[in-house]
Amino acid sequence: MSQMSIAPALRVLGVILLISMVCASTVPVIAEETLSISGSTTVLPIASAAAEAFMDTHPDVDVQVSGGGSGAGIKAIGEGVVSLAMASRGLKDEETAAYPELQTIAVAKDGIAVIVNPENPVSALTLSELKDIYTGTFTGWSDVGGDTGKIEIVGRDSASGTREFFFEKVLEKEDFTKFMLEKNSNGAVQQYVSQTPAAIGYVGMGFEDGVKVIELKGTDGKTQKPSIESVKSGAYPLSRELYFVTAGEPEGLAKEFIDFVMSSEGQKIVEEQGFVSL
């Protein structure tokens, strides 16, 4: 190739390179921030839905939400692994001793729903009967006025805040029966009970699809199901608060996200997920 034919080619290549550099310099580079959240599978639907809405207005933020249970989330925030933890119970003494900087912030209310299969004729139980089922004193549905047949008892694993609350409020800190089938999430309990005619379980009130919710009978003879009214008033005996857990005073992106969940828009998301706003 002659020098005369090489020169125009080089000029064209130079122009293309110059245009490429100019275009590259005008493309905005988004610096992405990450907010990691883990813990309670009860709080998980709230945090996941809020994360989607938050990212819609914060395109430079990636909110990553995962379950694992309240205990696992509290350990993760205590050890600095995540930005926020989710918990369906308050902090234990040993947790505050290990991680004294941890703080809980209530973001919603919930009522633990006792659930059975829709085919089960039992519709109401006392807390005493519920305790007798989960400690193994009662083993058949006929013990509580139901059909003959063995009760399949389903509960949560040891990392669960829902289990801890149930242990304190229903079992009065007596041991669960060794025959209880343990599941690692509310959704897993819900699914098993919906597919198993003899099963009983307990879940957050946002997990009631495909199952029958048992009414709880008080000492006054009145029965209550978890509802917005009964949980807000405290009339439902298994009412509780749901929390975010922070390492010290919330700041930065974590504070922005908590403020969003506490806003009117965030509390609407709480209600849309089947829980009770503050």
Going by the angle between their ring planes, with limits at 30° and 60°, are Phe54 and His58 parallel, tilted or perpendicular?
-> parallel

When every non-hydrogen atom of Glu95 is compared with those of Gly90, the smallest separation belongs to OE1-O, 4.4 Å

Output for pair (Tyr134 OH, Met180 CE), nearest 0.5 Å, gives 7.5 Å

Distance col, row Ile115:CD1 vs Met205:CE, nearest 0.5 angstrom, shows 13.5 Å

Between Ile214 and Val122, is there a side-chain heavy-atom distance shorter than 4.5 Å? yes

Give a yes or no on whether a salt bridge exists between Lys109 and Glu271, defined as a side-chain N under 4.0 angstrom from a carboxylate O. no

Between Leu242 and Phe275, the two heavy atoms sitting closest are CD1-CD2, 3.9 Å

Separation between OG (Ser83) and CD1 (Ile37), nearest 0.5 Å, reads 7.5 Å

Which of Asn186, Asn184, Thr162 passes side-chain hydrogen bond (donor to acceptor under 3.5 Å, both in side chains) with Thr41? Answer is Asn186

Could you give the side-chain donor-acceptor pairs of residues 139-150 under 3.5 Å, partners two or more places apart or in another chain?
unit_1 : atom_1 : unit_2 : atom_2 : d
Trp141 : NE1    : Ala198 : O      : 2.9
Asp143 : OD2    : Thr139 : N      : 3.2
Asp143 : OD2    : Gly140 : N      : 3.2

For residues 221-229, dump all side-chain donor-acceptor pairs below 3.5 Å to protein atoms at least two apart in sequence or in another chain.
unit_1 : atom_1 : unit_2 : atom_2 : d
Thr223 : OG1    : Glu215 : OE2    : 3.3
Ser227 : OG     : Ser230 : N      : 3.1
Ser227 : OG     : Ser230 : OG     : 3.0

(message) Tell me whether Gln190 contacts the main-chain N or O of Asp209 through its side chain, where contact means a donor paired with an acceptor under 3.5 Å.
(response) yes

List the atom pairs, with distances to 0.1 Å, where a side-chain N or O of residues 165-179 and a protein N or O form a donor-acceptor pair under 3.5 Å, not counting sequence neighbours.
unit_1 : atom_1 : unit_2 : atom_2 : d
Glu172 : OE1    : Lys131 : NZ     : 2.7
Glu174 : OE2    : Lys131 : NZ     : 2.9
Thr177 : OG1    : Phe179 : N      : 3.2

>> Does this structure show an ion pair linking Glu182 with Arg163, if we count only N-O contacts that are shorter than 4.0 Å?
In response: yes

- prompt: Is it true that the side chains of Ser70 and Ser88 contain a donor and an acceptor less than 3.5 Å apart?
  reply: yes

Between Ile74 and Leu102, is any pair of side-chain heavy atoms under 4.5 Å apart?
yes

### Query
For Glu251, does the CD atom sit with more than 12 other heavy atoms under 6.0 Å from it, leaving out its own atoms?
no

Next item on the list: Answer yes or no: is there a side-chain heavy-atom contact under 4.5 Å between Ile133 and Ile200?
Entry: yes

*State, yes or no, whether a side-chain contact exists between Thr42 and Arg240 at a heavy-atom distance under 4.5 Å.*
yes

Open item on the list: Are the side chains of Ile105 and Ile258 in contact, using a 4.5 Å heavy-atom criterion?
Closed with: yes

task: Determine whether Lys212 and Ser123 make a side-chain contact, defined as any pair of heavy atoms from C-beta on separated by less than 4.5 Å.
output: yes

Q. Hey, does Val261 have a side-chain heavy atom less than 4.5 Å from the side chain of Ile269?
A. no

On a heavy-atom basis, the closest approach of Pro250 and Lys255 is O-CD, 3.6 Å

>> If hydrophobic clusters are built by linking Ile, Leu, Val, Met, Phe, Trp and Tyr wherever their side-chain heavy atoms come under 4.5 Å apart, do Val63 and Ile46 end up in the same one?
In response: yes

Is the closest side-chain heavy-atom distance between Val245 and Leu84 below 4.5 Å?
-> no

Here the gap from Tyr202 atom OH to Ile112 atom CD1, rounded to the nearest 0.5 Å, amounts to 8.0 Å

Q) Do Ser194 side-chain atoms and Gln191 backbone N/O form a donor-acceptor pair below 3.5 Å? A) yes

